[in-house]
Number of protein chains: 2
Amino acid sequence: MKKTPPAPAAAPRPRPRARAEGGVTLQDVARLAGVSPMSASRALNTPARVSQDILQRVQEAVARTGYVRNSLAGALASRRSRLVAALVPNVAGPVFQDLIQALIAALGSAGYQLILAQSGYGVLPDDLLNAVLGQRPDGLVLAGVVPSAQGRQRLQSAGLPVVETWDMVAEPVDMLVGFSHEQIAGAVATHLIADGRRQLAFVGGEHARAQRRARSFVSAALDKRRTARGHADAVAVESVPAPADVRSGRDALARILARQPKTDAVFCSSDLLALGVVTEAQARGIRIPEQLAVVGFGDLSFAADVLPALTTVRIDSAAIGATAARFIVERAEGRPVAATTVDVGFSIVTRDTA
Amino acid sequence: MKKTPPAPAAAPRPRPRARAEGGVTLQDVARLAGVSPMSASRALNTPARVSQDILQRVQEAVARTGYVRNSLAGALASRRSRLVAALVPNVAGPVFQDLIQALIAALGSAGYQLILAQSGYGVLPDDLLNAVLGQRPDGLVLAGVVPSAQGRQRLQSAGLPVVETWDMVAEPVDMLVGFSHEQIAGAVATHLIADGRRQLAFVGGEHARAQRRARSFVSAALDKRRTARGHADAVAVESVPAPADVRSGRDALARILARQPKTDAVFCSSDLLALGVVTEAQARGIRIPEQLAVVGFGDLSFAADVLPALTTVRIDSAAIGATAARFIVERAEGRPVAATTVDVGFSIVTRDTA
DNA sequence: CTGTTAGCGCGTTCAT
DNA sequence: ATGAACGCGCTAACAG
């Protein structure tokens with residue numbers, strides 16, 4: 001049986017949703033200014049494209065009403081959220097701070113905001129990624145690279161600008177701003193060997209990236225053809241649990257000396273670890289750098305100012321952050337990005353410990 | 001003249017907007033599952049309220065299509081963004097890291113995400129606040145309190161849950177999870193005076209909050225009725241520019257000794273500064289703690305493991321973050337929050353430097 | 001330069 | 001337990 005179409009007057013239309021309490025909308029502003037909502041929108045977003053008159057009236061109405069833009073609605077309509085998500089293994093560590101800081105600064109001045117999520121060191125959890133992508137960010141910055149082929153696949157099919165950082169890989173998901181851990185390991189090994197060190201050690205985290213660094217360091221140090229000055233006789237590797245801190249560094253040196261008593265140089269994957277190694281050496285009366293050379297990583301703010309001053313590998317994380325932000329913004333605004341892979345390099349800052 | 005209504009067939013209707021390329025919507029999922037969009041929505045958000053059959057079909061369709069929720073649209077419709085914004089004076093400093101970490105963790109497990117913005121130490125910039133509020137966060141967490149009455153006003157009229165942290169004030173904007181810098185200053189002063197110190201010094205940042213701490217410390221230390229053990233003879237105050245780091249601490253001690261050569265105790269507003277003071281003292285052959293006592297702030301991860309181990313004020317920032325997150329979430333879900341102000345207290349961790 | 005129309009993708013509200 | 005209709009607040013696309 002066909003349903004009788006209800007008479008218009010009798011139509012049981014659902015009661016309109018209650019308006020938000022204090023919510024001033026762009027319509028309210030437009031009404032007060034005596035213009036169309038669209039003109040109000042333009043006055044706020046592309047002021048160059050409206051007349052002085054309208055611009056002024058809208059601005060006045062905004063001031064009077066205390067209007068605050070609803071970016072959610074704008075994002076839905078324009079398909080651009082002006083949000084960028086950063087996925088960082090560990091927010092608390094000092095390592096990625098400058099990166100985050102640079103990201104926030106560069107994005108902020110371009111009108112974008114940062115969603116910060118913590119990914120852990122292992123495989124990127126699927127539900128975290130979903131939660132992040134659900135916000136429809138205009139771009140994704142990863143502190144690190146995506147290890148699994150599956151994760152790469154997912155990110156690529158997400159169809160948004162992605163910048164991996166903090167590493168160099170042959171096949172990035174999309175864009176890449178980083179440096180080569182292998183090169184660094186090689187350079188540090190060469191530096192130490194040239195200094196006459198033969199019993200080397202490496203201290204780093206337990207996660208995959210740190211393990212890769214360890215391997216690079218070992219093979220560079222033992223490589224008989226690497227340098228004219230010779231090569232290492234032995235390289236001990238110690239892993240420490242995250243977060244890498246001073247305590248871990250102290251413990252690691254203790255273990256290294258137990259296993260390889262004549263160790264004369266240690267390369268640490270973080271300045272905090274290096275400070276720990278130095279401290280433990282001091283506690284044991286080991287002279288630095290005479291008996292033991294120590295090289296850190298990161299050139300954290302304290303590295304230059306502790307005693308002895310830390311020799312370390314310096315990375316320009318601020319440049320990484322700024323470049324990553326620029327890449328994301330360029331792509332989000334539809335402009336092409338010239339270089340899709342950037343190696344920001346590194347430098348060894350020679351101070352007192354090596 | 002009245003406009004002729006165009007014949008329906010001739011109506012020049014604008015071409016519908018192009019659909020997003022890869023955008024799978026909930027409708028697509030529903031269609032594939034053979035249910036209404038509404039049922040698909042329920043299957044994802046309140047699975048308890050749909051039949052097993054529908055639930056399964058929807059889940060299958062989601063898996064097949066690779067559907068990713070559009071939280072923007074959801075937020076617009078439901079008026080709940082599941083976003084929480086954190087405003088931090090300085091992202092790069094180590095001070096607020098544990099707080100941010102705890103926030104991300106607690107919010108994440110409740111299904112919320114974090115927008116991180118950097119506010120600087122001064123007055124909260126109006127356009128930053130607008131940008132943040134434009135995302136319609138379900139709550140705001142401030143690292144610090146709002147100094148200006150005007151800022152308080154704005155936040156209150158924004159009508160969202162606000163948690164201030166890291167301080168205690170008489171009239172918070174809304175909720176407050178912090179500790180009393182005055183109490184800490186008093187406790188440290190008492191501690192040092194009881195230890196026989198009489199020529200005190202304070203090292204802190206240049207911003208208003210640090211200045212308040214300095215004043216509290218000075219008045220507590222000089223207060224003749226404060227402790228049975230006596231009171232300080234003099235208190236020097238040194239300000240350092242942000243960010244407070246080891247270098248600043250070293251320089252500050254140098255200036256203090258120039259002005260007040262017999263200084264026998266220094267209270268630093270950050271462990272990094274304290275490490276700098278200790279380092280500079282060592283460089284000058286000043287024995288710690290015999291000639292100079294040093295107290296830091298924060299109990300950062302290295303404090304216990306450097307030599308000498310830092311005596312410091314410990315704050316449970318993880319608890320602050322977790323509590324703040326809980327408050328926001330409770331309020332966002334419409335549940336009342338029992339206590340609106342929480343003092344998490346502090347403790348003085350006595351190690352080797354005082 | 002300005003206004004009109006339509007719809008972004010979802011959840012609320014009501015009805016069944 | 002399920003579905004239909006509507007609109008959250010804004011901007012793209014077009015017409016003038």
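Below, chains carry the letters A, B, ... as their sequence lines are ordered, and counting in each starts from 1. What you see below is based on every heavy atom in this structure, not just the backbone, and it leaves out hydrogens, waters and symmetry mates.
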Comparing A:Q52 and B:S71 on DNA chain C - which has the more 5′ nearest nucleotide:
A:Q52
Here's a test of your reading of the structure: between B:A73 and B:P37, which maps to the more 5' nucleotide of DNA chain D?
B:P37
Nearest-neighbour nucleotide for the A:S36 side chain, C:dG3, D:dT11, C:dT13 considered
C:dG3
Between C:dT12, C:dC1, D:dG7, spot the one nearest the side chain of B:S78, thanks.
C:dT12
Any donor-acceptor N/O pair, B:S36 side chain to B:S39 backbone, under 3.5 Å
yes
Selection from C:dG3, C:dC10, D:dG9 that lies nearest to any side-chain heavy atom of B:Y67:
C:dC10
Provide, to the nearest angstrom, the distance between the CG atom belonging to A:N70 and the P atom belonging to D:dT11.
9 Å
A:S41 vs D:dT11: side-chain N/O to OP1/OP2 distance below 4.0 Å
yes
Send over the distance from A:R31 CZ to D:dC10 P, rounded to a whole Å.
12 Å
Reckon A:R42 touches a base, only the sugar-phosphate, or nothing at all at heavy-atom distances under 4.0 Å?
base
A:R57 has an atom CZ; how far is it from atom C1' of C:dG3, in whole Å?
14 Å
Please confirm whether the shortest side-chain N or O distance from A:R69 to OP1 or OP2 of D:dT11 is below 4.0 Å.
yes
For B:S39 and D:dA1, is the shortest distance between a side-chain N/O and OP1 or OP2 below 4.0 Å?
no
With a 4.0 Å cut-off on heavy atoms, is A:I54 in touch with a base, just the backbone sugar-phosphate, or nothing at all?
sugar-phosphate
A:D53 CG - C:dC1 P separation (whole Å)
13 Å
Assess whether one donor atom and one acceptor atom, taken from the side chain of B:R79 and the base of D:dG7, lie less than 3.5 Å apart.
no
Does A:R152 reach the side chain of A:E171, with side-chain heavy atoms less than 4.5 Å apart?
yes
Minimum-distance nucleotide to A:N45 side chain [options: D:dT11, D:dT2, D:dG9]
D:dT11
Between atom CG in A:L133 and atom P in C:dG9, what is the gap in whole Å?
16 Å
Whole Å only: how far is the CZ atom of A:R49 from the C1' atom of C:dT2?
13 Å
Of the listed nucleotides D:dA12, C:dT2, C:dG7, the one nearest the side chain of A:M38:
D:dA12
Donor-acceptor pair, A:Q101 side chain versus A:A318 backbone, under 3.5 Å?
no
So, are B:R331 and B:D138 salt-bridged, with charged N and O less than 4.0 Å apart?
no
For C:dG9, does the base pair up with any side-chain atom of A:R136 as donor and acceptor (N or O, under 3.5 Å, distance only)?
no
A:R69 side chain to A:S71 side chain, donor-acceptor N/O pair below 3.5 angstrom
yes
Please report, rounded to the nearest Å, how far the C1' atom of C:dC10 is from the CG atom of B:L72.
11 Å
Selected nucleotide, minimal atom distance to A:L76 side chain, candidates D:dG9, C:dG3, D:dG3:
D:dG9
Given B:V62, which of B:V68, B:L44, B:L32 fulfils the side-chain contact (heavy atoms from CB on, under 4.5 Å) condition?
B:L44
Take atom CZ of B:R80 and atom P of C:dC10, then tell me their distance rounded to the nearest Å.
17 Å
